[in-house]
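Remember, predicted model here, so these are calculated numbers, not experimental data. For the numbers below, each heavy atom of this structure counts, side chains included, while hydrogens, waters and symmetry mates do not. A, B, ... follow the sequence lines: proteins, then strands. Residue 1 opens every chain.
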Protein chains: 2
Amino acid sequence: MALGTDYSGQDCSLAKALEVVGERWSLLLVRDAFLGVTRFSDFRRRLDISKAVLTQRLGSLVEAGVLERRTHGGHDAYVLTPTGEALWPAVHALMRWGDATTSARGPRRLFRHVPCDADLDVTGRCPVCGATPTAAQLETRPGPGAGTDPPANPLSARLREPHRLLTPLRD
Amino acid sequence: MALGTDYSGQDCSLAKALEVVGERWSLLLVRDAFLGVTRFSDFRRRLDISKAVLTQRLGSLVEAGVLERRTHGGHDAYVLTPTGEALWPAVHALMRWGDATTSARGPRRLFRHVPCDADLDVTGRCPVCGATPTAAQLETRPGPGAGTDPPANPLSARLREPHRLLTPLRD
DNA sequence: TCGGTTGGTCTGGTGAACAGACCAGGGCGT
DNA sequence: ACGCCCTGGTCTGTTCACCAGACCAACCGA
């Protein structure tokens, strides 16, 4: 049992959620999956995580129904399931809190509701239509708080360019 | 450095957030703080966490500005700061995801927007006024998905009764 | 056929979390 | 004045998760 997994005896929805996505690295894997990362080696390049732990985390996220593993022409792809996509509001809320507490120049990343061509507000709502869009309707791009360092690798460079969420960056 | 703390090299708001609240137990401490828990021994009673780790976690949350420690007539009280209260949308979103994935009978806990007398929807919005209330405007009570086991201790029994968020249960 | 990529497994070392012992200070009953 | 419990810790030994790095089989392109 991984650290951060066992909150037995807690009749609490938050504890249940954290048993699945509360381990080290788990939510960052989900974040990258929203951004379009699908491959083992790409998660690795992004996160500087040990291969053994990455294997373990991807496996437990698949087992929990957050990710689905598809073998696809010689390599594997890990993609979010509907259950995984349902994590979007939580991921977005945590990102906005991270921005609010650690970024003086505003959000590091912006999310635009494509049908309305408007950026989400801090609550995750589209200011034009008032809805709370799902990730599939969003496009992301760097915000005013984004770092100015050059990307660590070509993959991170591609993820920095404006692109639709949930669309795989390969194949 | 605690497990789950170091995500250096990540220019990502989510990583920054997880460096503060991504460690084991941290978000559960914040959850209980929203419910009105303030004392070291009460966090302990609720969470079955080692005293050494609780000391460490409360300390790092205080250091991060999420909690504030007030010495108050012979005992200490840990209360949420405005920065900590700003975590409410993230905590709520994760709870709702936990409910959606692990509770067949609906939310384990409901949150009512007191001025409107209406329960929050799944996005954290009040269906009457349309606003996304802060925690201070909410009252909580058990929902249809709440467990039927008797509370583990008197403290948990009190937390199960309807009550306003952020109001200390003692003093 | 040779090198590089992919998606892993395995090993040894480090350090975080755990249970449980211990302890100082304060309040309370007698 | 005395004992006793509560509070809010610290300290110790053990377990186990994470880490770096070695290794490997299958596949692909040149």
Would you say [X] reaches [N]'s phosphate, i.e. side-chain N/O to OP1/OP2 under 4.0 Å?
| X | N | value |
| --- | --- | --- |
| A:Trp25 | D:dA17 | no |
| A:Arg44 | C:dG7 | no |
| A:Thr55 | C:dT9 | yes |
| A:Gln56 | D:dA17 | no |
| A:Ser41 | C:dG7 | yes |

Minimum-distance nucleotide to [X] side chain [options: [options]]:
| X | options | value |
| --- | --- | --- |
| B:Arg57 | C:dC18, C:dA17, C:dT9 | C:dA17 |
| A:Val53 | D:dC18, D:dG9, C:dG7 | D:dC18 |
| B:Asp76 | D:dG9, C:dG8, C:dA19 | D:dG9 |
| B:Arg24 | C:dT6, D:dC18, C:dA17 | C:dA17 |

### Query
Which part of the nucleic acid, if any, lies within reach of A:Tyr78 when heavy atoms closer than 4.0 Å are counted: base, sugar-phosphate only, or nothing?
sugar-phosphate

Using whole Å, report how far [atom1] of [X] lies from [atom2] of [N].
| X | N | atom1 | atom2 | result |
| --- | --- | --- | --- | --- |
| A:Leu54 | D:dA17 | CG | P | 17 Å |
| A:Asp42 | C:dT6 | CG | P | 7 Å |
| A:Phe43 | C:dT5 | CZ | C1' | 17 Å |
| B:Asp48 | C:dG20 | CG | C1' | 13 Å |
| B:Lys51 | C:dA19 | NZ | P | 13 Å |
| B:Glu23 | D:dC18 | CD | P | 13 Å |
| A:Arg39 | D:dC28 | CZ | C1' | 11 Å |
| A:His75 | C:dT6 | NE2 | P | 9 Å |

### Query
Considering heavy-atom distances to DNA chain D, does A:Ile49 or B:Ala52 have its closest nucleotide positioned more toward the 5' end?
B:Ala52

### Query
Rounded to the nearest 0.5 Å, how far apart are CZ of A:Arg69 and CZ of A:Phe40?
9.0 Å

### Query
Roughly how far, to the nearest 0.5 Å, is CZ of B:Arg109 from CG of B:Leu35?
5.0 Å

### Query
Please walk me through it: do A:Glu139 and A:Arg141 pass salt bridge (charged side-chain N to carboxylate O under 4.0 Å, His left out)?
CA-CA 7 Å; A:Glu139 186 183 270; A:Arg141 67 184 192 283; 5.8 Å; no

Donor-acceptor pair, side chain of [X] and main chain of [Y], under 3.5 angstrom:
| X | Y | value |
| --- | --- | --- |
| A:Arg24 | B:Arg24 | no |
| A:Thr71 | A:Asp76 | no |
| A:Arg45 | A:Ser156 | no |

#### Entry: Minimum-distance pair of heavy atoms, taken over all atoms of B:Arg31 and B:Leu47
NH2-CD2, 3.5 Å

### Query
More than 12 non-hydrogen atoms from neighbouring residues, nucleotides or ligands closer than 6.0 Å to CZ on B:Arg158, yes or no?
no

### Message
Between the opening five pairs and the closing five pairs of the helix from C:dT1-D:dA30 to C:dT30-D:dA1, how far apart are the helix axes, to 10°?
### Response
20°

